[in-house]
Asker: 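My questions will all concern the structure given below.
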Amino acid sequence: MESICGLDCCSQCSRKEECLGCIPTGGHPLGGTCVAAQWIQTGGKAGFQQKKEALIRQINELGFRGLHVEDLHFLNGSYVNLEYPLANGQRVKLLEDDKVYLGNQIEVPGSQRCYGVVADDEYLLVCDYLCNGAEPRILCYQRRKSGEA
(Lines give C-alpha, C1' and ligand atoms only; values in the text may rest on other atoms or scores of the structure.)
Protein backbone atom coordinates (compact mmCIF):
# COMPACT_ATOMS: atom_id res chain seq x y z
CA MET A 1 0.00 0.00 0.00
CA GLU A 2 1.44 3.37 -0.99
CA SER A 3 1.62 6.22 1.47
CA ILE A 4 1.38 10.00 1.12
CA CYS A 5 5.18 10.25 1.18
CA GLY A 6 5.50 7.61 -1.55
CA LEU A 7 7.13 4.92 0.58
CA ASP A 8 5.71 1.46 1.05
CA CYS A 9 5.62 1.65 4.83
CA CYS A 10 3.03 -1.10 5.10
CA SER A 11 5.29 -3.90 3.87
CA GLN A 12 7.62 -3.39 6.85
CA CYS A 13 5.06 -2.53 9.53
CA SER A 14 4.20 -5.08 12.21
CA ARG A 15 0.91 -3.23 12.89
CA LYS A 16 -0.41 -3.06 9.30
CA GLU A 17 -3.55 -5.06 10.09
CA GLU A 18 -4.77 -2.44 12.57
CA CYS A 19 -3.35 0.58 10.72
CA LEU A 20 -5.65 0.98 7.68
CA GLY A 21 -2.86 2.77 5.78
CA CYS A 22 -1.76 6.32 5.22
CA ILE A 23 -3.77 7.32 2.13
CA PRO A 24 -7.14 5.88 3.24
CA THR A 25 -6.81 7.64 6.63
CA GLY A 26 -5.63 10.98 5.20
CA GLY A 27 -2.21 10.74 6.87
CA HIS A 28 -3.42 9.30 10.16
CA PRO A 29 -2.15 5.73 10.13
CA LEU A 30 -2.71 3.77 13.34
CA GLY A 31 -5.27 6.41 14.34
CA GLY A 32 -2.50 8.90 15.14
CA THR A 33 -0.52 11.36 13.09
CA CYS A 34 2.39 10.80 10.71
CA VAL A 35 4.74 13.78 10.81
CA ALA A 36 5.82 13.14 7.20
CA ALA A 37 2.25 13.05 5.88
CA GLN A 38 1.46 16.20 7.87
CA TRP A 39 4.46 18.09 6.46
CA ILE A 40 3.80 16.90 2.89
CA GLN A 41 0.13 17.86 3.06
CA THR A 42 1.03 21.40 4.13
CA GLY A 43 4.20 22.03 2.11
CA GLY A 44 4.54 19.34 -0.51
CA LYS A 45 7.48 16.98 -0.81
CA ALA A 46 9.93 19.90 -1.17
CA GLY A 47 8.57 21.44 2.04
CA PHE A 48 8.90 18.10 3.82
CA GLN A 49 12.53 17.81 2.70
CA GLN A 50 13.29 21.35 3.93
CA LYS A 51 11.74 20.64 7.33
CA LYS A 52 13.59 17.33 7.59
CA GLU A 53 16.94 18.99 6.77
CA ALA A 54 16.26 21.76 9.31
CA LEU A 55 15.48 19.13 11.95
CA ILE A 56 18.73 17.29 11.19
CA ARG A 57 20.64 20.57 11.63
CA GLN A 58 18.83 21.23 14.92
CA ILE A 59 19.77 17.79 16.26
CA ASN A 60 23.40 18.10 15.17
CA GLU A 61 23.67 21.53 16.83
CA LEU A 62 22.72 20.12 20.25
CA GLY A 63 26.39 19.35 20.90
CA PHE A 64 26.19 15.82 22.29
CA ARG A 65 29.56 14.09 21.85
CA GLY A 66 29.38 11.66 18.95
CA LEU A 67 25.81 12.53 18.01
CA HIS A 68 25.75 13.31 14.32
CA VAL A 69 22.65 12.54 12.28
CA GLU A 70 22.89 12.07 8.50
CA ASP A 71 19.27 11.05 7.91
CA LEU A 72 15.99 10.55 9.73
CA HIS A 73 13.66 7.60 9.29
CA PHE A 74 9.97 7.02 9.96
CA LEU A 75 9.55 5.42 13.38
CA ASN A 76 6.36 3.98 14.78
CA GLY A 77 5.71 5.44 18.24
CA SER A 78 4.93 2.05 19.78
CA TYR A 79 8.39 0.87 18.71
CA VAL A 80 10.37 3.80 20.16
CA ASN A 81 8.20 4.80 23.14
CA LEU A 82 10.54 3.71 25.91
CA GLU A 83 9.71 3.98 29.61
CA TYR A 84 12.14 6.34 31.34
CA PRO A 85 12.95 6.36 35.07
CA LEU A 86 12.60 9.73 36.78
CA ALA A 87 14.55 10.98 39.80
CA ASN A 88 11.51 10.49 42.05
CA GLY A 89 11.33 6.77 41.19
CA GLN A 90 8.40 7.07 38.80
CA ARG A 91 8.60 5.89 35.21
CA VAL A 92 7.22 7.84 32.25
CA LYS A 93 6.66 7.42 28.53
CA LEU A 94 7.05 10.63 26.52
CA LEU A 95 5.76 9.62 23.09
CA GLU A 96 2.47 8.47 21.60
CA ASP A 97 2.23 4.84 20.50
CA ASP A 98 -0.11 5.64 17.59
CA LYS A 99 2.05 8.36 16.05
CA VAL A 100 4.72 8.12 13.34
CA TYR A 101 7.83 10.18 14.15
CA LEU A 102 11.09 11.01 12.43
CA GLY A 103 14.16 9.66 14.16
CA ASN A 104 17.31 7.61 14.16
CA GLN A 105 19.62 5.52 16.31
CA ILE A 106 23.31 6.40 16.51
CA GLU A 107 25.97 4.36 18.30
CA VAL A 108 27.79 6.30 21.01
CA PRO A 109 31.52 6.13 20.23
CA GLY A 110 33.48 4.05 22.76
CA SER A 111 30.32 2.92 24.57
CA GLN A 112 27.78 0.11 24.61
CA ARG A 113 25.04 2.75 24.53
CA CYS A 114 23.20 4.22 21.55
CA TYR A 115 21.61 7.60 21.09
CA GLY A 116 17.95 7.58 20.16
CA VAL A 117 16.61 10.69 18.45
CA VAL A 118 12.86 11.16 17.87
CA ALA A 119 10.97 14.27 16.79
CA ASP A 120 7.75 15.68 15.41
CA ASP A 121 6.48 19.23 14.97
CA GLU A 122 6.18 19.84 18.70
CA TYR A 123 8.94 17.96 20.54
CA LEU A 124 12.49 16.72 20.18
CA LEU A 125 13.68 13.81 22.32
CA VAL A 126 17.28 12.64 22.63
CA CYS A 127 17.93 9.67 24.86
CA ASP A 128 20.51 6.95 25.23
CA TYR A 129 20.09 3.28 26.04
CA LEU A 130 21.72 -0.13 25.95
CA CYS A 131 20.93 -2.91 23.48
CA ASN A 132 17.20 -3.38 22.81
CA GLY A 133 16.31 -0.15 24.64
CA ALA A 134 17.48 -1.35 28.06
CA GLU A 135 18.26 1.23 30.76
CA PRO A 136 17.04 4.28 28.81
CA ARG A 137 17.98 7.78 29.95
CA ILE A 138 16.48 11.10 28.85
CA LEU A 139 19.26 13.42 27.68
CA CYS A 140 17.14 16.16 26.12
CA TYR A 141 13.40 16.61 25.84
CA GLN A 142 12.40 19.99 24.54
CA ARG A 143 9.53 21.75 22.90
CA ARG A 144 10.43 22.81 19.40
CA LYS A 145 10.16 26.52 18.70
CA SER A 146 7.27 27.75 16.60
CA GLY A 147 8.33 27.94 12.99
CA GLU A 148 11.00 25.25 13.29
CA ALA A 149 10.71 22.33 10.98
Side-chain angles (χ1 to χ4, degrees), residues 1-84 86 91-109 113-134 136-149:
M1 184 180 307
E2 192 174 302
S3 60
I4 290 171
C5 67
L7 295 178
D8 182 12
C9 300
C10 298
S11 66
Q12 300 175 13
C13 182
S14 63
R15 297 179 66 192
K16 64 183 168 188
E17 298 303 320
E18 64 188 280
C19 175
L20 303 178
C22 186
I23 291 176
T25 62
H28 296 277
L30 304 167
T33 303
C34 173
V35 68
Q38 191 176 32
W39 289 355
I40 289 169
Q41 288 171 327
T42 59
K45 289 189 179 183
F48 165 75
Q49 193 60 38
Q50 288 174 340
K51 285 186 170 210
K52 182 178 169 182
E53 289 169 6
L55 177 56
I56 289 171
R57 281 192 305 276
Q58 181 184 2
I59 293 165
N60 290 334
E61 290 171 358
L62 289 172
F64 288 102
R65 182 188 64 82
L67 175 59
H68 182 78
V69 175
E70 295 288 331
D71 198 8
L72 296 170
H73 310 284
F74 303 121
L75 299 173
N76 188 316
S78 64
Y79 180 72
V80 295
N81 197 7
L82 302 177
E83 192 173 78
Y84 300 94
L86 300 178
R91 300 183 70 76
V92 64
K93 288 186 172 191
L94 301 173
L95 304 174
E96 297 176 37
D97 286 346
D98 293 335
K99 198 168 194 176
V100 178
Y101 296 88
L102 286 175
N104 207 335
Q105 174 178 289
I106 296 93
E107 291 184 19
V108 177
R113 300 187 77 80
C114 290
Y115 288 117
V117 178
V118 180
D120 62 9
D121 260 344
E122 295 184 68
Y123 292 97
L124 169 61
L125 169 65
V126 179
C127 63
D128 73 351
Y129 45 81
L130 293 171
C131 186
N132 295 319
R137 300 182 300 198
I138 302 166
L139 302 178
C140 173
Y141 184 62
Q142 64 185 36
R143 181 176 288 276
R144 299 190 64 219
K145 296 176 189 156
S146 178
E148 285 181 339

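Bear in mind the structure is a predicted one, so any value in this text is a computation, not a measurement.
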Asker: Are the side chain of Asn60 and the backbone of Val69 linked by a donor-acceptor contact shorter than 3.5 Å?
Answerer: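 Checked: pair present.
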Asker: How long is the straight-line distance from CG of Leu30 back to OG of Ser78, given to the nearest 0.5 Å?
Answerer: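 Rounded to the nearest 0.5 Å, the OG-CG separation comes to 7.0 Å.
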Asker: If every non-hydrogen atom of Phe74 is compared with every non-hydrogen atom of Ala36, which pair is closest and at what distance?
Answerer: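 Looking at all heavy atoms of both residues, the closest pair is CE2-CB, 3.0 Å.
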Asker: Using every non-hydrogen atom in the two residues, find where Pro136 and Leu82 come nearest and quote the distance to one decimal.
Answerer: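 Scanning both residues completely, I find the closest heavy atoms to be CB-CD1, 3.8 Å.
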Asker: I need the Ile56 CD1 to Glu70 CD distance, nearest 0.5 Å.
Answerer: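 If I round to the nearest 0.5 Å, the distance is 8.0 Å.
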Asker: Supply the atom-to-atom distance Ile138 CD1 to Cys127 SG, rounded to the nearest 0.5 angstrom.
Answerer: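 Taking CD1 in Ile138 and SG in Cys127, the distance rounds to 8.5 Å.
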Asker: Side-chain contact, heavy-atom cut-off 4.5 Å: Leu62 with Leu124?
Answerer: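 Contact flag for Leu62/Leu124 side chains = yes.
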Asker: Kindly indicate whether the side chain of Cys140, heavy atoms from C-beta on, has any atom under 4.5 Å from the side chain of Phe64.
Answerer: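 When only atoms from C-beta onward are counted, Phe64 and Cys140 do touch, with a gap below 4.5 Å.
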Asker: Given side-chain hydrogen bond (donor to acceptor under 3.5 Å, both in side chains), test Arg143 with Tyr123 step by step and report yes or no.
Answerer: CA-CA 5 Å; Arg143 181 176 288 276; Tyr123 292 97; 2.6 Å; yes
Asker: Quick one: does Ile4's side chain get under 4.5 Å of Cys34's, heavy atoms only?
Answerer: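 Side-chain contact under 4.5 Å: no.
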Asker: Under 4.5 Å between any side-chain heavy atoms of Leu72 and Ile59, yes or no?
Answerer: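 With C-beta onward as the side chain, the pair touches.
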Asker: Can you tell me how far apart CG (Asn76) and CG (Asp97) are? Round to the nearest 0.5 Å.
Answerer: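 One finds 8.0 Å between CG of Asn76 and CG of Asp97.
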Asker: Glu53 and side chain to side chain donor-acceptor pair (under 3.5 Å): which single residue from Gln49, Arg57, Lys51 fits?
Answerer: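 So, applying the side chain to side chain donor-acceptor pair (under 3.5 Å) to Glu53 and each of Gln49, Arg57, Lys51, only Gln49 qualifies.
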Asker: What is the distance from atom CG of Asp71 to atom NZ of Lys52, rounded to the nearest 0.5 Å?
Answerer: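 NZ of Lys52 is found 4.0 Å from CG of Asp71.
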Asker: Return the set of residues passing salt bridge (Lys or Arg N to Asp or Glu O under 4.0 Å) with Glu107 (not counting sequence neighbours), or none when no residue passes.
Answerer: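 Salt bridge (Lys or Arg N to Asp or Glu O under 4.0 Å) check on Glu107 returns nothing, list empty.
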Asker: Show the nearest heavy-atom pair for residues Cys5 and Lys45, with the distance to one decimal.
Answerer: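 Looking at all heavy atoms of both residues, the closest pair is O-NZ, 3.5 Å.
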Asker: Report yes if the side chains of Thr33 and Glu96 come closer than 4.5 Å at any heavy-atom pair, otherwise no.
Answerer: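 They are not in contact (no side-chain heavy atoms under 4.5 Å apart), so the answer is no.
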Asker: Side-chain contact test, heavy atoms from C-beta onward, threshold under 4.5 Å: evaluate it for Trp39 versus Leu102 and give yes or no.
Answerer: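 Yes, their side chains come closer than 4.5 Å.
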Asker: Can you tell me if Arg91 uses its side chain to pair, donor with acceptor, with the backbone of Glu83 under 3.5 Å?
Answerer: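 Side chain of Arg91 to backbone of Glu83: a pair is present.
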Asker: Atom NE2 of His28 and atom NZ of Lys99: how far apart are they, to the nearest 0.5 Å?
Answerer: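 Separation between the atoms: 10.5 Å.
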Asker: For Tyr84, I'd like to know if atom OH has over 12 heavy atoms of other residues, nucleotides or ligands within 6.0 Å.
Answerer: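 More than 12 within 6.0 Å, yes.
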Asker: Kindly determine whether Val108 and Arg65 satisfy side-chain contact (heavy atoms from CB on, under 4.5 Å), including the steps that lead there.
Answerer: CA-CA 8 Å; Val108 177; Arg65 182 188 64 82; 3.8 Å; yes
Asker: Using modelled atom types only, decide if a donor and an acceptor are shared between the side chain of Asp121 and the backbone of Val35 within a distance under 3.5 Å.
Answerer: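 Such a contact is absent between Asp121 side chain and Val35 backbone.
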Asker: Tell me whether Asn104 contacts the main-chain N or O of Val117 through its side chain, where contact means a donor paired with an acceptor under 3.5 Å.
Answerer: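 The answer is no, because no donor-acceptor pair under 3.5 Å joins these two groups.
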Asker: Quick one: does any side-chain atom of Asn132 pair with a main-chain N or O of Ala134 as donor and acceptor, under 3.5 Å?
Answerer: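 Not confirmed, Asn132 side chain does not pair with Ala134 backbone.
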